Amino acid sequence: MSFAQIPVQAALDYAGERSDLSLQLAGPLRAILQKDGLETLYETLEHPLLPVLMAIEMAGVRIDGPALATQAQRIDEELYTLAKRIYELAGEEFNINSPKKLGEILFDKMALTTETLRRTSKTKAHSTAFEVLEELGLVHELPRLVLEWRGLMKLKGTYIDALPQLVHPQTGRVHTCFNQAVAATGRLSSSDPNLQNIPIRTELGREIRRAFVADRGNVLISADYSQIELRVLAHMSGDPALLEAFTGNVDIHDRTAMKVFGPDSGLSEHELRRRAKIINYALLYGKQAFTLAKDIGVSREEAQSFIDAYFAGFPSVRAFIDGIIESGRNTGVVKTMFGRRRLVPDLNNRNGQVRGAAERAAVNMPIQGSAADILKKAMIDVHAALPGVAGGRARMILTVHDELLFEAPAEAADETAAAVRELMESAVKLNVPLTVDVGVGENWKEAKS
DNA sequence: TTCAATGGCGCG
DNA sequence: AAAGCGCGCCATTGAA
């Protein structure tokens, strides 16, 4: 959308050139749209979305800089303490941020080993990725400390230190750039800065998210689609059990737990739901028993039996997956509900690894892409309605795949929340209801209730 | 100084 | 790491 990545002088030179090129390209590109049956998608979705994205970018988001600065100090102290201990255990000082140096310490100097050799894909060096350090952590303290150090370092470098520097001097807010033609599935991406990967999963992460705040007198309103990809799956596959669960407002993870683990597995409700959630979101895209076993802490054989039970319980899902791969192999293309296309030539690749990866991507695209289509439609509808809501004082300020974030005067919070929920839930008509969770708060974390 | 490749990891 | 998918950004490394 913006010139975020283009140097100023180049942008000046480029502006005129881009206008001319756009004009030259319009004809040929229109012909391609027509040939591929994409004119409706363009006219009704992508083109109307453009001004919405521009409005969001210009609105920006307010960041509580001092709050982040306070965090930075505390993190620095923890990092210093951790590093000192790591150096003691290693018997020398080294760059913990360098996988190369860390590997030399762990595997050469200390001679730690993993069950099976893990090498990085490009350089065939010893991997020091999370799973490796996690395994090494069972027998030694140092890798555990390195993981802790990495977690702090990641959040500090990527968010705590970086975000305050990106506050625009004129607006006092952070303005991202939404990229409309990057993701292969039709999703939007966000860059400079990326506001679609703000932390939330750890306590420190949640602290960072609390630094995304509303202006004085305003509140933030978060509205996110509940399990939208699974609902899209229910709609597209027509699976009776999935349709029934969503229509009857049954908790989908509990339902999967029942189908996969049975009524008397002996597991706690919480553990059942946790495992079922992983299964729901993973199996659809081809997760293997090997990886599932690691994720939920069971044997490979048990994991395989869960996978078998899942597809036995949702038979149309199996057929849906196979159908996408089959038609993709024949036509070279997979599509979303709205007709968005992704070319998948590698479905016929003779290399099994490459072919397998292509199959998983091909199955993922119609689901992830249809969810993206739906959110885009909702964005257009909501943005069009905002002038009539809360006296036109509510603004859309962010979009994150299945969530929209708004800023509105505190006294208009309820009115705005209700309007947003209604518009999002009725943006698209599926064979299952779309439900939206709405929350209000002074900051983003609080608004996600 | 800048760039690209790499390993690694934040989010949905 | 890869043997769920989709992204973008960080620091390091080596080269230009």
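On a predicted model such as this, the values are computed, not experimentally measured, just so you know.
- The base of B/dG10 does not come close enough to the side chain of A/Arg201 for any donor and acceptor atom to sit less than 3.5 Å apart.
- The phosphate of B/dT6 has neither OP1 nor OP2 within less than 4.0 Å of any side-chain N or O from A/Thr123.
- Dashed line: the shortest gap from a side-chain N or O of A/Arg209 to OP1 or OP2 of B/dC11 is not under 4.0 Å.
- For the side chain to side chain donor-acceptor pair (under 3.5 Å) condition, the pairs that include at least one residue of residues 126-138 of chain A, sequence neighbours left out, are A/Arg118-A/Glu135, A/Thr128-A/Arg150.
- Residues from residues 421-444 of chain A placing a heavy atom under 4.0 Å of any atom in DNA chain C do not occur.
- Contacts classified as side chain to side chain donor-acceptor pair (under 3.5 Å) and involving residues 91-102 of chain A (residues at least two apart or in different chains) are given here: A/Glu92-A/Lys109.
- Listed in residue order, the members of residues 302-330 of chain A having a heavy atom less than 4.0 Å from DNA chain B come to none.
- Taking every heavy atom of residues 126-152 of chain A and every atom of DNA chain B, pairs under 4.0 Å involve A/Ser127, A/Thr128, A/Ala129, A/Phe130, A/Arg150, by number.
- Under the rule for a side chain to side chain contact (heavy atoms under 4.5 Å, CB included), the partners of A/Arg360 that lie at least two apart in sequence or sit in another chain are A/Ala357.
- Checking C/dG4, C/dG6, C/dA1 against the side-chain heavy atoms of A/His401 singles out C/dG6 as nearest.
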Could you go through nucleotides 10-16 of chain C and list every protein N or O atom that sits under 3.5 Å from one of its N or O atoms, giving the distance for each pair?
from, atom 1, to, atom 2, distance (Å)
C/dA11, O3', A/Asn97, ND2, 3.3
C/dT12, OP1, A/Asn95, ND2, 3.0
C/dT12, O3', A/Ser98, OG, 3.4
C/dT13, OP1, A/Ser98, OG, 2.6
C/dT13, OP1, A/Lys101, NZ, 3.4

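- Counting only distance, with no hydrogens or angles, the side chain of A/Asp224 and the backbone of A/Glu403 share no donor-acceptor pair below 3.5 Å.
- Between the side chains of A/Tyr285 and A/Glu229, at least one donor N or O sits under 3.5 Å from an acceptor N or O.
- Across residues 348-372 of chain A, A/Gln353, A/Arg360, A/Ala361, A/Asn364, A/Gln368 each have a non-hydrogen atom less than 4.0 Å from an atom of DNA chain C (numbered order).
- Applying the side chain to side chain contact (heavy atoms under 4.5 Å, CB included) rule to A/Ser226 yields the partners A/Arg231, A/Thr435, A/Asp437; only residues at least two apart in sequence or on another chain are considered.
- When the side chain to side chain contact (heavy atoms under 4.5 Å, CB included) test is applied to A/Ser121, no partner is found at least two apart in sequence or on another chain.
- Between C/dA2 and A/Ser121, a contact under 4.0 Å exists linking OP1 or OP2 to a side-chain N or O.
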Dot-bracket pairing map - DNA chain C, Watson-Crick plus G-U, both contacts under 3.5 Å, | cross-strand: ....||||||||||||

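- Closest approach of A/Ala257 and A/Ala276 over heavy atoms only: N-CB, 3.6 Å.
- Taking only side-chain atoms of A/Gln288, from C-beta outward, the nucleotide of C/dG8, C/dG6, C/dA3 with the closest atom is C/dA3.
- Using a 4.5 Å heavy-atom threshold, the side chains of A/Phe314 and A/Leu233 count as separate.
- In this structure, the nucleotide among B/dG10, C/dG6, C/dG8 sitting nearest to the side chain of A/Val182 is C/dG8.
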Enumerate all atom pairs, one protein N or O and one N or O from nucleotides 2-5 of chain B, separated by less than 3.5 Å.
none

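- Expressed to the nearest 0.5 Å, how far CG of A/Leu49 lies from OH of A/Tyr42 amounts to 11.0 Å.
- Checking side-chain atoms of A/Gln288 against main-chain N and O of A/Gly286 turns up a donor-acceptor pair under 3.5 Å.
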